[in-house]
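Worksheet: one structure, shown below.
Chain identifiers are assigned alphabetically (A, B, ...) following the order of the sequence lines, protein sequences preceding nucleic acid strands; residue numbering begins at 1 within each chain.
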Number of protein chains: 2
Amino acid sequence: MASTEPSWDFYRTFLTVLEHGSLSAAARELGLTQPTVGRHIDALEQSVGAELFTRSQQGLLPTDAALVLKPYAETLASTTAALLRAASGSRDKVSGTVRISASEVIGTEVLPSILATLQARYPDLVVELSPSDTVEDLLQREADIAVRMVAPAQEALLARHIATINLGLYAHRSYVERHGKPETIEDLRRRHKMIGFDRQTAYIRTMLKRYPMLDGVSFSFRSDHSTALHNALRAGIGIGFYQTPLARRDASLVRVLPEIELSIETWIVMHENLKTSPRCRVTFDALVAGLLDYIKGNDTEERS
Amino acid sequence: MASTEPSWDFYRTFLTVLEHGSLSAAARELGLTQPTVGRHIDALEQSVGAELFTRSQQGLLPTDAALVLKPYAETLASTTAALLRAASGSRDKVSGTVRISASEVIGTEVLPSILATLQARYPDLVVELSPSDTVEDLLQREADIAVRMVAPAQEALLARHIATINLGLYAHRSYVERHGKPETIEDLRRRHKMIGFDRQTAYIRTMLKRYPMLDGVSFSFRSDHSTALHNALRAGIGIGFYQTPLARRDASLVRVLPEIELSIETWIVMHENLKTSPRCRVTFDALVAGLLDYIKGNDTEERS
DNA sequence: TTGATGCCATACATTTATGTATACCATCTG
DNA sequence: CAGATGGTATACATAAATGTATGGCATCAA
C-alpha cells in the first residue's frame, strides 16, 4: 500500500495533536501553522491507511487507530529527547541535562537537597526531576537515572542497591493530643483515622502481606498524591505510614505502634550506555552518596 | 544553543549514513540525493553541537559523538517500523505484518512449518522472521513476538512458558562408522572431534555448569552460525549438541553418550499492548500450539 | 440575538528544501 | 600511467512544503 515511508516528523506532529486536542494548538506548540499540521495528519493517515482523527464537532477526536499508535509516538518522543540529552555537553565536562525519575516522596522530599549540592559543584549541570509513582522506563529512555523501589529486572541496566528504607506509622502531635495513641492494632482499626493510598499500589500489597490484620482498615483520607498524604498527616488528620528518616526531621510527628514496620528497598538505576557520560556519572554518584546519607537516620530512630 | 529541535527525519538520515558509510549510499537507500543527505547531516551537527563525521580520506568516519547517538537512532528506527506494523491491517481482520524473533535453530528449523500452516489459514498475514541468537528487545519494539530461551524478566510482557527442550550429543551415521561411538566422556575428550560454538554464549556457560568435565573439550569445528554447525554435524564432521526433537526427524543421526543431556527453557513472549491485535494474537497462539507439538518428541526419544 | 472566540478548510503566495549538473579528489585496475 | 569507479562539495534550477489570508462553522456569554 504505502510504498514510501512517511516522514518521521509526521509522528511528532501526530503526537502533538493527540496531546493538545486540536490542530491549532499543536501548531502553536510546534511553531508551525494550522494548515501545515493538518497536512501532516492527512499525509500520515494516507501512509498508515487509517483515519486518525474524526473531524467532527467538539474538536478532533482520536480514533482507535490513533490510540494504538500513541505509545509508539511517545517512545519516539522520549527517545529523541534522550538523544539530545546524550548529545549535549562535551565529553569531559559536566554539563548538559540529566533527567531523573524518582518516587514522589523521594523526589520531592529527599532529592532536592542532594541535587542542590551537586549543582553547586557543577554549575553547568541542568537537572530534570520527574517525581512520579508510575515507573518510567529507562530502556525507553524516559529518564537517564531512576531511583526505584523495586530491584531492576532488566539487563543492560547499571543498578546500585542503596539500602532499606523503613516506614512506620506516624501521627502529628495535635492528632495524638486529641485522640490519643492507639495501643493495639485492633484499637487502630476501630478507633482511629487512617490516611492512605487510593489505588492498590504494589506498596500496599506488600504491607498487607506483612500485616494481614491491617486488611480492611478504613481510610478516612485517601489520595494518590504522596505530598497531599503527607500534608494531611502533618495537618493532624490521622495516622499514616511515613518514611522513618523523613519523620526524624519533623519533631512534631509522633510514632505510634512502633512494632509495625515496613521496609522498601531502594535502588539507583542507570542505563549502562550512560556510564561513560560524565554528567550521568557524577549525578549517579551524588545520588548514591546522598541517599546513603539520607537512610542513616533509619536505624537510630528511637521507638515511640 | 540549539533553540529549535531538529527534524526527526534527520535522525533517519543520520542512521542511514552511519549504516552505509557514505552520503551517496545513504542517499540511494533513502531515495534522496547526496547533497540533501549532506545537508541533513550538516543541520544535525549544527543542532546537537558536535561533529558527527570526520570528512576525510577513506570516506566518512563516525566520530565518538555519532557512536553515542547511534543506539538512540536505532531505537527510533525500530519504533517507527513497529508503529507501521501496528497500523497496518484492519482491526478485526488478520492481515498486516508480524515480526518474530527466534533463535537461529528454532527460527530456521522449527518455525517455518508452523508458520506455513498459519499463513495458509490467513493469506493476508505477512510474517517477518528474524532468526538470530542476539536477543532482540521487545520493549524497544525490535520484534512483535519472540521465542526466547530465557525467562522474560521485564514487565509489560505477556509471556507463555512452553516447555523444556532437551539437547543431546549426536553424530552422523557416517561419523560413527568411521570413528565409532565414544563410551565415556574421557573418550569423547581424547579421541573424538567436537563441533561447537565460537563465542561464549549463555548456552555454553549452562553446559559447563552442568557438565564441568566437558570443560577444555577441543572443538575441531567452530561457528557462531547454528545452521552451519548443524550442517557440519550432518556432514559427519564430528559430534555436537542437537535438539532432541529435531534429531528424531533425521534417521541418520545417532545419539552418543545419552547420559549427557542439557535442557533449555522455551518461552513465547509478546508485548502486552499487542494482545488486542488480531494478527499478533493468532500468531502467538499458533506459535504456542506449534511449539508444544514440536517438543512432544522430547521424552519419547529412544536412548542410543 | 449578536458579537467574540476558537477551530478547521481552502486558495494563493512564498519560502524552503530538494534535485540536477558539474567540478574535484581519492582509490583501484589494467 | 590512464581510465574507471565511487565518493564529496558547490552553484543553480526546480519542486515541494510551509506560511498567509480568508471564509465558514461551531460554542459561549452578554
Side-chain angles (χ1 to χ4, degrees), chain A residues 2-48 50-67 69-70 73 76 80, chain B residues 2-48 50-67 69-70 73 76 80:
Chain A
S3 57
T4 177
E5 196 192 346
S7 163
W8 287 10
D9 283 333
F10 294 169
Y11 301 131
R12 169 168 54 183
T13 305
F14 164 69
L15 181 62
T16 312
V17 172
L18 214 46
E19 287 172 344
H20 288 76
S22 84
L23 301 183
S24 310
R28 282 192 296 273
E29 175 76 18
L30 291 166
L32 298 173
T33 58
Q34 167 258 316
T36 303
V37 171
R39 283 186 283 249
H40 281 188
I41 298 299
D42 288 343
L44 189 58
E45 287 181 333
Q46 188 79 13
S47 289
V48 303
E51 286 246 310
L52 295 173
F53 298 94
T54 53
R55 266 80 164 226
S56 73
Q57 266 87 309
Q58 67 256 16
L60 261 52
L61 278 183
T63 64
D64 289 352
L67 295 178
L69 301 187
K70 191 180 182 194
L76 292 177
T80 56
Chain B
S3 57
T4 177
E5 195 192 347
S7 162
W8 286 10
D9 282 332
F10 293 169
Y11 302 131
R12 169 168 54 182
T13 306
F14 164 68
L15 180 63
T16 312
V17 172
L18 214 46
E19 286 171 344
H20 288 76
S22 83
L23 301 183
S24 310
R28 281 193 296 273
E29 174 76 19
L30 292 167
L32 298 173
T33 57
Q34 167 258 317
T36 303
V37 172
R39 284 186 282 248
H40 281 188
I41 299 299
D42 287 343
L44 189 58
E45 287 181 332
Q46 188 79 14
S47 290
V48 304
E51 286 245 311
L52 295 174
F53 298 94
T54 54
R55 265 82 163 221
S56 73
Q57 266 86 310
Q58 66 259 12
L60 261 54
L61 278 183
T63 64
D64 289 351
L67 295 178
L69 301 188
K70 189 180 182 196
L76 292 176
T80 56

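Nucleotide C:dA9 holds its P atom 12 Å from the CZ atom of A:F53, rounded to whole Å. The distance from atom CZ of B:R28 to atom P of D:dT5 is 14 Å, rounded to the nearest whole Å. Distance CZ (B:F10) to C1' (C:dT18): 12 Å, rounded to an integer number of Å. Nucleotide D:dA9 holds its C1' atom 10 Å from the CG atom of B:L23, rounded to whole Å. Rounded to a whole Å, the CG atom of A:L60 is 13 Å from the C1' atom of C:dG6. C:dC8 atom P lies 12 Å from atom CG of A:D42, rounded to whole Å.
Test B:H40, B:E45, B:Q46, B:E5 against B:F10 for side-chain contact (heavy atoms from CB on, under 4.5 Å) and you get one pass: B:H40. Applying side-chain contact (heavy atoms from CB on, under 4.5 Å) to A:L69 and the options A:L18, A:L52, A:L15 leaves one that passes, A:L52.
The pair A:R39-A:D42 does not meet the salt-bridge criterion, since no charged nitrogen lies less than 4.0 angstrom from a carboxylate oxygen.
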For nucleotides 19-22 of chain D, give me every protein contact, N/O to N/O, under 3.5 Å, one pair per line with atom names.
from: D:dG19; atom 1: OP2; to: A:T33; atom 2: N; distance (Å): 3.1
from: D:dG19; atom 1: OP2; to: A:T33; atom 2: OG1; distance (Å): 3.0
from: D:dG19; atom 1: OP2; to: A:T36; atom 2: OG1; distance (Å): 2.8
from: D:dG19; atom 1: N7; to: A:R39; atom 2: NH2; distance (Å): 3.1

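Taking the side chain as every heavy atom from C-beta outward, B:F53 and B:T63 never approach each other to under 4.5 Å.
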Taking distance alone, no hydrogens or angles, what donor-acceptor pairs closer than 3.5 Å link side-chain atoms of residues 30-38 of chain A to residues at least two apart or in another chain?
from: A:T33; atom 1: OG1; to: A:T36; atom 2: OG1; distance (Å): 3.1

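Residue whose closest nucleotide on DNA chain D sits further toward the 5' end, between A:D9 and B:A25: B:A25.
Of the candidates C:dA9, D:dG7, C:dT18, C:dT18 carries the atom nearest the B:H40 side chain, counting heavy atoms from C-beta on.
Across all strands, B:S24 comes closer than 4.0 Å to base atoms (heavy-atom distances).
Without hydrogens or angle criteria, A:D9 side chain to B:W8 main chain gives a donor-acceptor distance under 3.5 Å.
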